[in-house]
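These notes are about the structure you will find just below.
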Amino acid sequence: MTGVEQDRYEFRDGFPETDAVGRAWADVDFQRAVTAYRFWYPTVSLEGILNGNREVGLTDGKAIGIVAAGPRQVGFTLNSDTPYGSAALDLRDGPMVVELPAGAYIGLLDDHHQRWITDMGIPGPDGGKGGTYVVTPPGYDRDVELDAHVVNSGSFTVLLALRSLPLQGDQDAALAALRAVRVYRLGAPEQTLDFVDTTELDMDNTCLRWEDGLEFWRVLHRVLSDEPLVAEFTPMYGLLADLGIERGGDFAPDRDTAALLERAARAGRDQMLVSAFAGRRADRIAWADRGWEWVGLVEDNGDFRTESGFDLDARERWFIQAIIASPAMFRRQVGGGSLYWLGVRDSAGDFLDGGNHYTLDIPQPVPAKLFWSITVYDAATRSQVRAEQNSAALRSLFELRDLPTDEPLRLHFGPTCPPGAEQRWLQTVPGHGWFVYLRIYGPEQAAFDGSWKPGDFERA
């Protein structure tokens, strides 16, 4: 029997045979569950960010965590280029205010579904000159008597994400700059959120512990029950209702439904990882003669909308390996924002293996008006590789700053350091596949016209 014949359901006189009925409904439920999983993954992923903060005492609406991130902070493609600040803003008691000083800040607000609300700082309406932002809760219709950029959230819980650029390679100054930001409830400017430095703490700001099992659906049900309905997501709420997951109801699947949801979570996660690391779209290729790929597939777009609707593949590819979204993160513009390229295979087309040694040649000068970096991530956790070296990045402002910039730069990757390559080596772990993000901040024309491009990974 061919595969096509196996997929058919038997009918007699126009009606389904008894065996076909059960098989068809089982297929329908599984397909709907996988589709729902892939669509709602960003919601559960953002809850993972907030959960990691809460585990180290950062209460929603009370504290901001600041961190110079490294391998000990598990987070989807977090980098060590710039210190981060993050907080959950709770809008249930009214609007929140963010006062951003003038300076080299990059920031944004995303709702509970990782939908973009606004950029702040250099890519935002204040343009790095400083400004006040007021974020209002769903349904808020009162005037805000404050000279501010007023934005509305579609959820009561909002993620504030900030970065401070260490333009002179001064990370301590960049961390200090984050402390100059003021966040408070509208009308209570004296009650600002506290800053907590989590640089030395082990943290997990991901949904890894939930993503392949029943807990994914339990977390999703809780979040959706706590937040208002998003009108444009109505069909996707319907998918969940068909599976017995309804906003405001109880999450109590029977044994068969629980098994189905667990199976769908594993399949949905794995399908998204295939999209991330073995994509089939031609527009993912950055240079025709190189293995490098664009991480973001929809340019200058924070919500993955196109003229044809949601670009679901681009959305899933991004959120299975990264967090938060804004137009500035996907802007391919000379001098504006940053560019992210994904490297996951060597010159022979094989996935990068933690037990092998590789070299990578970077032509110089790199067309970065500000700075550039390359960071190694574990393919299973999509987080910085954890190895004895305790470092997963090579950065032009730090590790590479004293090296010549007028000759090609050879970087090394592998379990052990080649002699004399200490400043140019990142450690990988046997048995762990890995990938890299190559980032350029303030890209110049050569990054777009093909006159500059990195080499491929060569197995040494």
Side-chain angles (χ1 to χ4, degrees), residues 44-90 96 98-101 103-110 112 114 120-121 157-166 169-184 191-211 219 321-324 373 375-378 381-393 395 397-399 437 439:
V44 177
S45 179
L46 189 125
E47 182 63 13
I49 299 172
L50 305 183
N51 182 72
N53 284 357
R54 294 170 189 142
E55 287 182 332
V56 296
L58 302 176
T59 304
D60 293 13
K62 300 293 184 183
I64 301 175
I66 58 175
V67 59
R72 69 190 312 163
Q73 285 84 32
V74 179
F76 292 155
T77 51
L78 292 180
N79 65 67
S80 303
D81 303 344
T82 66
Y84 291 92
S86 69
L89 306 185
D90 188 347
M96 296 289 291
V98 180
E99 289 184 3
L100 199 65
Y105 296 100
I106 297 175
L108 58 76
L109 296 168
D110 269 12
H112 217 149
Q114 296 205 61
M120 299 182 293
T157 300
V158 170
L159 176 67
L160 166 66
L162 296 170
R163 302 173 73 181
S164 177
L165 305 184
D170 191 338
Q171 190 160 263
D172 290 339
L175 280 166
L178 288 173
R179 294 182 181 274
V181 178
R182 301 181 76 247
V183 183
Y184 53 87
Q191 299 176 14
T192 57
L193 271 62
D194 297 325
F195 286 93
V196 179
D197 191 332
T198 62
T199 300
E200 299 303 320
L201 299 180
D202 290 328
M203 298 179 67
D204 183 351
N205 290 99
T206 72
C207 59
L208 286 168
R209 70 191 80 179
W210 308 327
E211 70 175 9
V219 171
Q321 59 180 307
I323 53 174
I324 64 177
S373 71
T375 307
V376 177
Y377 299 102
D378 188 304
T381 66
R382 290 90 77 196
S383 303
Q384 292 188 38
V385 164
R386 287 185 162 187
E388 288 184 13
Q389 186 185 27
N390 196 33
S391 175
R395 302 164 291 176
L397 289 179
F398 297 96
E399 295 83 4
Y437 275 12
R439 295 175 170 93

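Small disclaimer: the values here were computed from a predicted structure and weren't measured.
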What verdict does the side chain to side chain donor-acceptor pair (under 3.5 Å) test give for Gln321 and Tyr437, after you've listed the backbone C-alpha separation in whole Å, the side-chain angles of each residue and the deciding distance to 0.1 Å? CA-CA 11 Å; Gln321 59 180 307; Tyr437 275 12; 2.7 Å; yes

Looking at every non-hydrogen atom in both residues, tell me the closest pair between [X] and [Y] and how far apart they are.
X: Ser80; Y: Gln171; value: O-OE1, 4.0 Å
X: Thr375; Y: Gln384; value: CG2-CG, 4.0 Å
X: Ala177; Y: Tyr105; value: O-OH, 2.6 Å

Rounded at 0.5 Å granularity, tell me how far [atom1] in [X] sits from [atom2] in [Y].
X: Leu178; Y: Leu100; atom1: CG; atom2: CG; value: 9.5 Å
X: Leu160; Y: Ser86; atom1: CG; atom2: OG; value: 8.0 Å
X: Leu89; Y: Thr157; atom1: CG; atom2: OG1; value: 9.0 Å
X: Thr82; Y: Ile106; atom1: OG1; atom2: CD1; value: 7.0 Å
X: Arg439; Y: Asp81; atom1: CZ; atom2: CG; value: 6.0 Å
X: Leu46; Y: Ile49; atom1: CG; atom2: CD1; value: 4.5 Å

Can you confirm whether the side chains of Asn79 and Tyr377 place a donor and an acceptor under 3.5 Å from each other?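 On atom types as modelled, these side chains do not qualify, holding no pair under 3.5 Å.
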
Beyond-backbone contact of Leu162 with Met120, side-chain heavy atoms, under 4.5 angstrom: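 The answer is yes, as the side chains (C-beta and beyond) meet within the 4.5 Å cut-off.
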
Considering only heavy atoms from C-beta outward, does the side chain of Leu78 approach that of Ser383 to under 4.5 Å?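 They are not in side-chain contact.
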
Steps toward side chain to side chain contact (heavy atoms under 4.5 Å, CB included) verdict (Arg386, Val74): CA-CA 9 Å; Arg386 287 185 162 187; Val74 179; 3.5 Å; yes

Please test Val67 against Gln73 for side chain to side chain contact (heavy atoms under 4.5 Å, CB included), starting from the C-alpha separation and ending with a verdict. CA-CA 9 Å; Val67 59; Gln73 285 84 32; 3.8 Å; yes

Salt bridge (charged side-chain N to carboxylate O under 4.0 Å, His left out): which pairs involve residues 169-184, sequence neighbours left out?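 Listed by first then second residue: Glu99-Arg182.
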
Taking only residues at least two apart or on different chains, which pairs with a member in residues 53-75 satisfy salt bridge (charged side-chain N to carboxylate O under 4.0 Å, His left out)?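 Those involving residues 53-75 are Glu47-Arg54, Arg54-Asp60, Glu55-Arg209, Arg72-Glu200, Arg72-Asp202.
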
Is a side-chain N or O of Ser373 found less than 3.5 angstrom from the main chain of Arg395, in a donor-acceptor match?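 No, Ser373 side chain to Arg395 backbone: no donor-acceptor pair under 3.5 Å.
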
